[in-house]
Amino acid sequence: MGVMSSAPPVSEIAAGPAWLAQAMDAASGNVRFVRMTPDDYRNASFLDDRIFQVAREHHILPWEAATAALPADARADARWIFHIGHVGSTLISRLVGEFPRVLSLREPRILRDLAGASAAIDRYIPGLRKLVSRTFAPGDIAVVKATSFASELAGALVPEDGLALFVHASPQAYFGTCLAGENTMREVAALAPARRDRMKGRVSLDGITDRSAHLVAAAWACEMTALELAATSLPPGAVHWLDFDQFLADVPGELSRVAAFLGLDAPAGQIAEIADGPLLGRYSKALEYDYSPDLRRQLIDAASAEHAGDIDRALAMLSAAAQESPLLARALDRSTGEG
């Protein structure tokens, strides 16, 4: 994991993101801070414990001590990216991170820790907004991508004047994406019990089985209704819904719209360079691997054909459940362009 450093002075924590608030025990109020450089942020696909694959300085501080130097008027203007998982959010985060004067934070573990905490977390939210809004230069903007199941906190994390991208995909595209990946399906199966608990009161899926397509349908329903619920609590104009397949169909145009929505300085020529750059041809979770939009589409089409019958039955299950779930009905309408 690395070595314990001398405790960073609270003034240094308040000054900028050189110390990332990386993880937290909400019950005890202890926070792990990890020393980071701009290149560390840019290179990390995830800011969870995988960053400790190389030695890093870190220190654990009580929440009150860590946030003591944050002034009442400290910036809390980070932009947010929430998503349903496996919909290109890492790619979008990387592309946005190429905009000038943007610090991109991908899935700091602290968001996952708070989303899964049994302790009351309301007291942490204002300070957390400030911690993730710190940048290396005063004019920069932080853009924070959360872990998918941290969407349960989206309504609390995004302030009244905040801005958030909600990245999603149609259930048909989601089926193909998940069913095409062996590792993805292992994750879907592992998260199934937690997702059943999370969507209680939002969605009831009658007749669900442990067949792969049913598990994917439940995952989509859980994550989409979490976003739909969060959207109902946020002011009009706070959310920009981004369908990943529509994004891939017009990357320069969609990036321009994302930049305009988030209030980021990204000239048209620079956006075109980013859209034509190497990131679209790499697997965003591990840039050493090739993974183009064409390859993605081929894998989705093959998986969709192989599992066509199960997918049709799973879609019917979602349609039936939507009769009793306004949030799921809204999600399905959105996927057909009616929402």
Side-chain angles (χ1 to χ4, degrees), residues 16-18 20 22 34 36-48 50-51 54 75 77-83 85-108 111 132-148 158 162-169 239-297:
L20 165 70
Q22 189 262 343
V34 181
M36 300 284 287
T37 68
D39 282 343
D40 290 333
Y41 281 104
R42 189 170 188 268
N43 294 332
S45 296
F46 305 98
L47 295 171
D48 57 18
R50 282 169 281 191
I51 65 173
V54 299
R75 293 174 60 186
D77 61 347
R79 281 53 159 170
W80 295 87
I81 300 175
F82 296 97
H83 58 98
H86 308 291
V87 286
S89 60
T90 303
L91 173 62
I92 291 166
S93 174
R94 285 194 182 279
L95 292 170
V96 170
E98 295 296 299
F99 292 175
R101 309 194 71 82
V102 168
L103 175 64
S104 193
L105 288 75
R106 283 178 281 278
E107 303 198 14
L111 301 179
V132 299
S133 297
R134 299 167 301 157
T135 57
F136 288 100
D140 292 358
I141 292 291
V143 180
V144 185
K145 181 175 90 81
T147 306
S148 59
V158 181
L163 298 168
L165 296 179
F166 282 6
V167 187
H168 64 107
V239 174
H240 177 74
W241 291 86
L242 183 62
D243 182 295
F244 185 53
D245 290 282
Q246 293 178 11
F247 176 86
L248 290 179
D250 179 18
V251 176
E254 292 291 344
L255 272 180
S256 294
R257 285 183 277 277
V258 166
F261 170 74
L262 295 178
L264 304 177
D265 179 19
Q270 195 157 26
I271 286 178
E273 290 180 10
I274 294 170
D276 290 337
L279 288 175
L280 275 174
R282 314 304 298 173
Y283 183 55
S284 292
K285 293 180 175 65
L287 292 177
E288 63 270 24
Y289 296 109
D290 295 333
Y291 189 75
S292 67
D294 285 343
L295 175 58
R296 173 182 177 274
R297 174 49 54 191

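Residue numbers run from 1 in the order of the sequence given. Because the structure is a prediction, the values reported are computed rather than measured.
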> Given the rule in the side chain to side chain contact (heavy atoms under 4.5 Å, CB included) test, do Ile51 and Phe46 qualify, once you have shown the distances and angles that lead to the verdict?
Replying inline: CA-CA 7 Å; Ile51 65 173; Phe46 305 98; over 6 Å; no
>> Determine whether Leu20 and Leu105 satisfy the following criterion, side chain to side chain contact (heavy atoms under 4.5 Å, CB included), listing intermediate values before the conclusion.
In response: CA-CA 10 Å; Leu20 165 70; Leu105 288 75; 4.2 Å; yes
> Step by step, would you call Ile92 with His83 a side chain to side chain contact (heavy atoms under 4.5 Å, CB included)?
Replying inline: CA-CA 11 Å; Ile92 291 166; His83 58 98; over 6 Å; no
>> Show, in sequence, the C-alpha distance, side-chain angles and deciding distance for Trp241 and Asp243, and conclude whether the side chain to side chain contact (heavy atoms under 4.5 Å, CB included) test is met.
In response: CA-CA 7 Å; Trp241 291 86; Asp243 182 295; over 6 Å; no
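Checking each of Arg106, Lys145, Glu107, His168 against Ser89 for a side-chain hydrogen bond (donor to acceptor under 3.5 Å, both in side chains) leaves exactly one that passes, namely Lys145.
Under the 3.5 Å distance criterion, the side-chain polar atoms of Gln270 are left unmatched by any main-chain donor or acceptor of Phe99. The backbone N or O of Asp77 sits less than 3.5 Å from a side-chain atom of Ser133, completing a donor-acceptor pair. When atom types are taken as modelled, the side chain of Thr90 and the backbone of Lys285 share no donor-acceptor pair closer than 3.5 angstrom. Under a 3.5 Å cut-off, the side chain of Arg75 and the backbone N or O of Pro138 do form a donor-acceptor pair. Between the side chain of Ser256 and the backbone N or O of Pro252 there is at least one donor-acceptor pair closer than 3.5 Å.
Distance CD/Glu254 to CZ/Phe261: 13.0 Å, rounded to 0.5 Å. Distance check: Arg134 CZ to Leu103 CG gives 9.5 Å after rounding to the nearest 0.5 Å. Here Leu287 contributes atom CG and Asn43 contributes atom CG; the two are 8.5 Å apart, rounded to the nearest 0.5 Å. Taking CG from Leu165 and CG from Leu262, the interatomic distance works out to 4.5 Å, rounded to the nearest 0.5 Å.
Within the 4.5 Å cutoff, the side chain of Leu248 has heavy atoms near those of the Leu280 side chain. Side-chain contact check for Trp80 versus Val132: some heavy-atom pair is nearer than 4.5 Å. Under the 4.5 Å side-chain criterion, counting only non-hydrogen atoms from C-beta, Leu111 is in contact with Val144. In this structure, Arg79 and Val258 have side chains that are not in contact, with every pair of non-hydrogen atoms separated by 4.5 Å or more. Leu91 places a side-chain heavy atom less than 4.5 Å from the side chain of Phe244. Considering only heavy atoms from C-beta on, Ser104 stays 4.5 Å or farther from Tyr41 through its side chain.
Between the side chains of Arg94 and Ser45, a donor-acceptor pair is found at a separation under 3.5 Å.
Nearest heavy-atom pair, Gly85 versus Ser148, reported as atom, atom and distance to 0.1 Å: N-CB, 3.8 Å. In terms of heavy atoms, Gly253 sits closest to Asp250 at N-OD1, 3.1 Å. Residues Ile271 and Ala266 come closest through the heavy atom pair CD1-O, 3.4 Å.
The neighbour count for Arg257 CZ, taken as heavy atoms of other residues, nucleotides or ligands under 6.0 Å away, is above 12.
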